[in-house]
Amino acid sequence: IPLERFRNFCIVAHVDHGKSTLSDRLLELTGTIEKGGNKQILDKLDVERERGITVKAQTCSMLYNYKGEDYMLHLVDTPGHVDFRAEVTRSYASCGGALLLVDASQGVQAQTVANFYLAFSQGLTLVPVVNKIDLPSADPPRALEQLESTFELKPENAVLISAKTGLNVEEILPKVIEQIPAPVGDHLKPLRLLLVDSWYDNYKGVILLVRIFDGTIKAGDHVVSFATGLKYIVGEVGIMHPLETPQKSLRAGQVGYIYFNPGMKQSKDAKVGDTFTTVGSERLVEPYPGFEEPKSMVFVAAFPVDQGEHGHLEDSINQIVLNDRSVTLQKESSEALGAGWRLGFLGTLHCSVFEDRLRQEHGASLIITPPTVPFKVIWNTGKETIIQNPALFPDGDEGSSKVAELQEPYVEATITMPEEYLGKVIELCEVNRGIQQSLNFFTSTQVILKYLVPLAQLVDDFFGKLKGATRGYASLDYEDAGWRKSQIVKMQLLVNKVPVDAVSRVVHTSQVDRVGRQWVKKFKEHVDRQMYEVIIQAMAGRRIVARETIKPFRKDVLAKLHASDISRRKKLLEKQKEGRKKLKAVGNITIQQEAFQKFLAK
Ligand code: GDP
Ligand code: MG
């Protein structure tokens with residue numbers, strides 16, 4: 001099949017608007033999978049093959065006969081989740097166009113808006129598709145009006161379908177062929193290949209999903225990665241149809257898979273957005289622009305409840321990390337909680353999916369600290385440090401004399417909602433230190449609101465609160481908005497004046513009093529009364545912001561004594577006081593580990 005009869009496209013949609021269902025219909029329509037067979041085959045395969053914790057992109061090629069000629073259509077799936085924006089961008093980069101899919105009953109939502117702009121900025125041709133027209137609540141005219149007023153997409157170009165019943169789905173592929181341009185590329189030039197996605201296979205090692213921009217690739221070729229400089233020998237190439245189907249070669253314009261022999265061992269070496277070429281052609285080829293290392297923006301620490309479980313837990317964390325190239329992992333140890341790990345994620349959803357998986361597998365035997373975000377310290381010398389572990393945040397003398405500026409990461413949140421909730425949503429954003437960027441009505445009743453919000457606020461269940469404030473009617477998408485200067489300070493929990501290392505957090509100064517009171521109250525609940533006094537304090541910088549005291553039992557050493565035996569009585573009381581002092585000095589150590597665990601648990 002010549003290049004002019006290739007089409008690479010993807011589906012741009014808000015979650016649940018029917019991307020997977022429509023993909024299945026298209027695969028059935030082209031005979032790629034059997035009709036009425038496995039529902040949502042692309043999603044199913046994910047789970048069956050345990051391709052990792054995220055809803056991973058899954059791509060498929062289809063043969064389609066249009067007006068007597070065979071076309072090779074590559075449907076490139078995109079990760080369904082906002083943390084993977086860099087990967088979504090790569091998927092778009094491998095396409096010439098996209099179906100912009102909107103649920104007829106819900107209309108345009110936050111991810112429709114955010115993904116539209118991303119696709120548009122990549123130069124993709126967009127074909128509007130309105131789905132779920134079978135629903136009684138469907139309002140296709142309203143959806144078409146939104147598509148026109150928000151994206152300037154003409155209603156007469158739109159296809160109205162039901163992916164569920166299959167109604168009008170056959171109108172889509174002719175539009176894809178007529179409106180979306182064929183890929184360009186020269187198969188005689190040196191190899192230039194973009195890494196779009198990857199997954200791990202126990203036998204083959206890491207399998208790479210690639211888009212060939214120039215040249216051809218076949219088994220036996222020696223290739224090299226621009227990002228890592230590592231060299232590999234190609235073991236097999238092929239297309240996803242719907243599973244790995246080997247081909248003699250892949251050439252310019254195509255989207256397919258490759259793996260190496262010997263196989264690529266670590267998912268980390270497969271960097272989405274990386275460019276590969278043939279060994280020897282490095283100088284002749286421009287790597288694809290815009291490659292970025294994934295950035296961890298949300299961190300949690302994890303500790304086994306029982307240190308005897310450490311090895312076992314480490315194995316399963318490693319297993320999950322093997323499948324997810326975007327998780328970072330460092331060892332961490334805490335006096336209170338023992339040996340554990342600090343895990344870094346791309347964003348909040350990424351983090352919570354991973355956490356769910358660990359909890360499912362390990363349940364109560366695992367402590368996971370609440371998520372934190374990195375902070376940036378600009379020193380008086382001009383040097384900048386990004387701090388991932390709050391315990392390492394400068395405080396005391398270092399904090400006051402050596403630091404020029406502190407910064408925290410912000411995101412730009414896109415929120416859509418019916419107008420009636422606008423007041424509540426604005427209030428929520430303001431409480432969360434948001435800065436309004438824009439407010440637009442995209443129909444007479446639907447609003448798109450853009451806010452800059454500190455990532456630290458977003459990780460504190462912002463989405464849950466948003467859903468609560470709008471009875472589930474709001475949708476949220478966000479993207480990185482860089483660093484901003486901030487009034488932040490390290491908070492520590494002190495037990496009898498000794499800081500507890502596992503419990504420090506960096507907090508905005510406007511919140512220290514509230515957080516401090518919460519901390520001491522919560523910790524007090526979990527500490528049993530002792531033989532000695534326990535003082536629990538929350539300290540922000542060097543200022544104590546909250547305090548609770550747990551009174552000791554007054555052990556009745558006098559009970560057996562005769563009331564008249566005054567000198568002896570005094571002596572005993574002295575002795576008891578001494579004993580208390582001693583215990584006080586080492587007080588924090590005798591507190592049950594359980595108390596810390598309960599304090600940290602959500
Ligand atoms: P995705 O998140 O975009 O991949 O959405 P899915 O394809 O998983 O669909 C989300 C839900 O909408 C599922 O329960 C589907 O069965 C349902 N759905 C998808 N298309 C239609 C449709 O045309 N009509 C109706 N009534 N339901 C649909
Ligand atoms: Mg889906």
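The model shown is predicted, which means the values in this text are computed figures rather than measured ones. Atoms within a ligand are numbered from 1 in the order they appear, just like the ligands themselves. Residues take their numbers from the sequence shown, with the count starting at 1.
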Please check whether [X] reaches ligand 1 - meaning an N/O of the residue sits under 3.5 Å from an N/O of the ligand, judged on distance alone.
X: Val15; value: no
X: Thr165; value: no
X: Ala163; value: yes

Ring-ring centroid check Phe213 Tyr288, cutoff 6.0 Å: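 Judged by ring-centre distance (under 6.0 Å), Phe213 and Tyr288 do meet the cut-off.
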At a 4.0 Å threshold, what atoms of ligand 1 neighbour a non-hydrogen atom of [X]?
X: Leu135; answer: 26 (N)
X: Ser162; answer: 22 (C), 23 (O), 24 (N)
X: Lys19; answer: 1 (P), 3 (O), 4 (O), 5 (O), 7 (O)

Heavy-atom donor-acceptor pair, Asp197 side chain to Leu209 backbone, under 3.5 Å: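 Here the side-chain-to-backbone pair does not exist.
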Donor-acceptor contact below 3.5 Å, side chain Arg5 vs main chain Met72: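 No, because the side chain of Arg5 does not come within donor-acceptor range (under 3.5 Å) of the backbone of Met72.
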Whether Tyr117 and Phe151 hold their rings parallel, tilted or perpendicular, with breakpoints at 30° and 60°: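 Ring orientation of Tyr117 relative to Phe151: perpendicular.
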Ligand 1 versus Lys132: contacting region, heavy-atom distance under 4.0 Å: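 It is both parts that get close, each with some atom under 4.0 Å.
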Structural part of Thr21 in contact with ligand 1, heavy atom criterion under 4.0 angstrom: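 Looking at Thr21 and ligand 1, atoms from backbone and side chain both fall under 4.0 Å.
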For Lys204, all residues meeting salt bridge (Lys or Arg N to Asp or Glu O under 4.0 Å), sequence neighbours excluded: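 Counting only residues at least two positions away or on another chain, Lys204 forms no salt bridge (Lys or Arg N to Asp or Glu O under 4.0 Å).
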Ile239 side, atom CD1; Leu63 side, atom CG - distance, nearest 0.5 Å: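 It is 6.5 Å, given to the nearest 0.5 Å.
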